[in-house]
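Report on the structure given below.
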Number of protein chains: 2
Amino acid sequence: MAAITIDDVAARAGVSIKTVSRVLNREPHVRPATRDRVLAAVDLLNYRPNASARALAGSRSYLVGLFFDNPSPGYNSQIEQGAMSACRDAGYFLLVEQLPETGAALRERVAALLSAVRMDGVILTPPLCDRTELLDALAGEGVPCVRIAPTIDLGRSPFVYMDDRRAAYEMTVHLQGLGHRDIAFITGPADHRAAANRREGFEQAMRDAGLPVRPERVRQGAFSFLSGWECAEQLLDSADRPTAIFAGNDDMALGVMAVANRLHIDIPGTLSLAGFDDSPGAQVVWPQLTTVRQPVAQMAQVAAALLTGAPPDRDAARGRQLDFEIVVRQSSAVRGG
Amino acid sequence: MAAITIDDVAARAGVSIKTVSRVLNREPHVRPATRDRVLAAVDLLNYRPNASARALAGSRSYLVGLFFDNPSPGYNSQIEQGAMSACRDAGYFLLVEQLPETGAALRERVAALLSAVRMDGVILTPPLCDRTELLDALAGEGVPCVRIAPTIDLGRSPFVYMDDRRAAYEMTVHLQGLGHRDIAFITGPADHRAAANRREGFEQAMRDAGLPVRPERVRQGAFSFLSGWECAEQLLDSADRPTAIFAGNDDMALGVMAVANRLHIDIPGTLSLAGFDDSPGAQVVWPQLTTVRQPVAQMAQVAAALLTGAPPDRDAARGRQLDFEIVVRQSSAVRGG
DNA sequence: GGTCGGCAAGACAGCGCTGTCAATTGCTCT
DNA sequence: AGAGCAATTGACAGCGCTGTCTTGCCGACC
């Protein structure tokens, strides 16, 4: 209860508080023997420096902000997990904030926020990472940020991303490998860069395999269950059906699955299905969904590490690319199998 | 950039910094005219007090901790949303921490955490809210907490909860109202208090309606998709089937749905199905799941409000009960309809 | 042997705010 | 009009730590 302060440690170790401070902050000019003595005292007293005092006196706050404005619980949750784990390792703390505002209101809120609590850096998740006014506000306050999967102004800040294009390419190859030649694709919102990348990956893979991409086989969805449902009705409600459908995200894939069930189209017997994201829903349906797992948590982890200055290789390129994973479950199988 | 301090405001308003402080903290003994002048200066300069300095000098830190150790993204996400909204309204900030530890390690981590950043209160979500060692550690540090849906030691702290028993009762009544008399129930883990409450509510409703609760109609699940699947196979794989199944949570209900699909049992034509939680998955299947919506976000909001001292009625009982909602979707319908 | 250079460690002054206590003001009451 | 009292306001000392500057010390070098 009676909080231990740096003075207690200094007294115990027989040094000045400044020396304790130096040890704690890994500053140079401390003899190894002295350092050991201090560390022993710290351990003995179980001392933890007070974050508020540090923030007030010094230039660091040991706080990392995580800003989001994304209704997807699964995504946010993974991001948080990753960011938190990196913060913990670096002795930092995670402050989360939802920023539903846009435009001037956003700028204001961010300014207010940052003047109240100084942050050593913030992590921006989609779609915030592409909000120019936010980037401006952050830059104006001099707060560094790392963006996750940004799509514009890539030069403005370090960022972490996954190669949607290549992932979609490989998923398409997976379906082709199962014998599918007539594969339909349901794409996401037109203004969504990642959606476009996925579609490009799909089309490239088809071309590379010498397969045609029939226009009626590419449907425009909206990344929602319902839009997947609607596209599926168009794709499946005739005798001329594709043997496989690759949906641009899992929600839409689940919409396809619902329609297939209603029409008694067997998955994966008659129709193979693949999604993208490995959302929580992908495993609570039957058959479980073949999908692309994004390294979401890992991206956040890297982002946080970049901010806390404990990155594995700090001098890597500004854009850090992480690997996806093709998760093959029961919804895709050999054609006609 | 050149941060504005309380001195700037004081100078602008022509008062001492202490008076500004008083206004900001809503302390008494400030003449309305003075208060207005100060507030005008605050507005003009767009001043926000520095949280670190406040925390260091005063007894409050304006930080609320949200501790969790729950793999359910949907739940956490809602909790966070609710807690954040209440914090924002009260001028507080939300610090999230995952505490995977148990026993002594938990105690230690919490102590370390709290000695580094003082928190004005913490919100404990299930299952952490029932970890005695955590409650002890918090009490030892003198940090108040509010628990969400705790099941033990109800007197130890204020808490917020929902009446699982009554919710299950009403869902059962809903199914009965559709004409179902042979209803099966899939319960959750035996040591899970909420699961037991739900089961009790179901059984009570059956008794009150004069309907038998046949032992083979109550199956032991584990709150997972797979366990729902297994229970459903036992319940549905014979001619003597219930006309409705009420699963103790949505994941299990989805397992039931998967089996029904496989067996070509029409939902809701032949079998009505109800879940509990209104998890994200409940809406990305077809038919969409009839379920019980827990006021998760609202519970967190109330919890945070309790902590930040801005509760609607602070002197209400220690346990604040919030209302659930029966969400009727397509998976339940009139028997034989 | 004296002086310089550099490492190690300490003294000291705040960071921006709140708590305490003292000083001032503005009223009421007689 | 003056005393008496509460309502206002301000002066000042830290909260626990880090940044800057200073001091002490040892070996190297000429």
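Bear in mind the structure is a predicted one, so any value in this text is a computation, not a measurement. So that the names make sense, note that chain A is the first sequence line, chain B the second, and so on, each numbered from 1.
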Helical bend (five base pairs per end, nearest 10°) for the helix from dG1(C)-dC30(D) to dT30(C)-dA1(D):
40°
Under the 3.5 angstrom rule, does the side chain of E133(A) hit a backbone N or O of G103(A) as a donor-acceptor pair?
yes
CG of L306(B) to CZ of R147(B), rounded to nearest 0.5 Å, is 13.0 Å
Exercise: identify the closest heavy-atom pair between L135(B) and L124(B):
CD2-CD2, 3.8 Å
Is a side-chain donor or acceptor of T19(B) paired with a backbone partner of V15(B) at a separation under 3.5 angstrom?
no
CG of L113(B) to CG of L99(B), rounded to nearest 0.5 Å, is 7.0 Å
With distance as the sole criterion, is a donor-acceptor pair present between the side chains of R60(B) and N25(B) under 3.5 Å?
yes
Of residues 29-40 of chain B, the positions that come close to DNA chain D - non-hydrogen atoms, cut-off under 4.0 Å
H29(B), V30(B), R31(B), T34(B)
Each nucleotide N or O in nucleotides 10-20 of chain D that has a protein N or O under 3.5 Å away: list the pair and distance.
unit_1	atom_1	unit_2	atom_2	d
dG10(D)	OP2	S16(B)	N	2.8
dG10(D)	OP2	S16(B)	OG	3.0
dG10(D)	OP2	T19(B)	OG1	2.6
dG10(D)	N7	R22(B)	NH2	2.7
dC15(D)	O2	L56(B)	O	3.4
dC15(D)	O2	A57(B)	N	3.2
dC17(D)	OP1	Y47(A)	OH	2.4
dC17(D)	OP1	N50(A)	N	3.2
dC17(D)	OP2	I6(A)	N	2.5
dT18(D)	OP1	N25(A)	ND2	2.9
dT18(D)	OP1	R54(A)	NH1	3.4
dT18(D)	OP2	S21(A)	OG	2.6
dG19(D)	N7	K18(A)	NZ	2.9

Between V122(A) and V64(A), is any pair of side-chain heavy atoms under 4.5 Å apart?
no
Between CG of L128(B) and CD1 of I123(B), what distance do you get to the nearest 0.5 Å?
12.5 Å
Spatial distance of atom CZ (R131(A)) from atom CD1 (I152(A)) [nearest 0.5 Å]
10.0 Å
Scan side-chain atoms only and decide if R54(B) and Y62(B) contain a donor-acceptor pair under the 3.5 Å cut-off.
yes
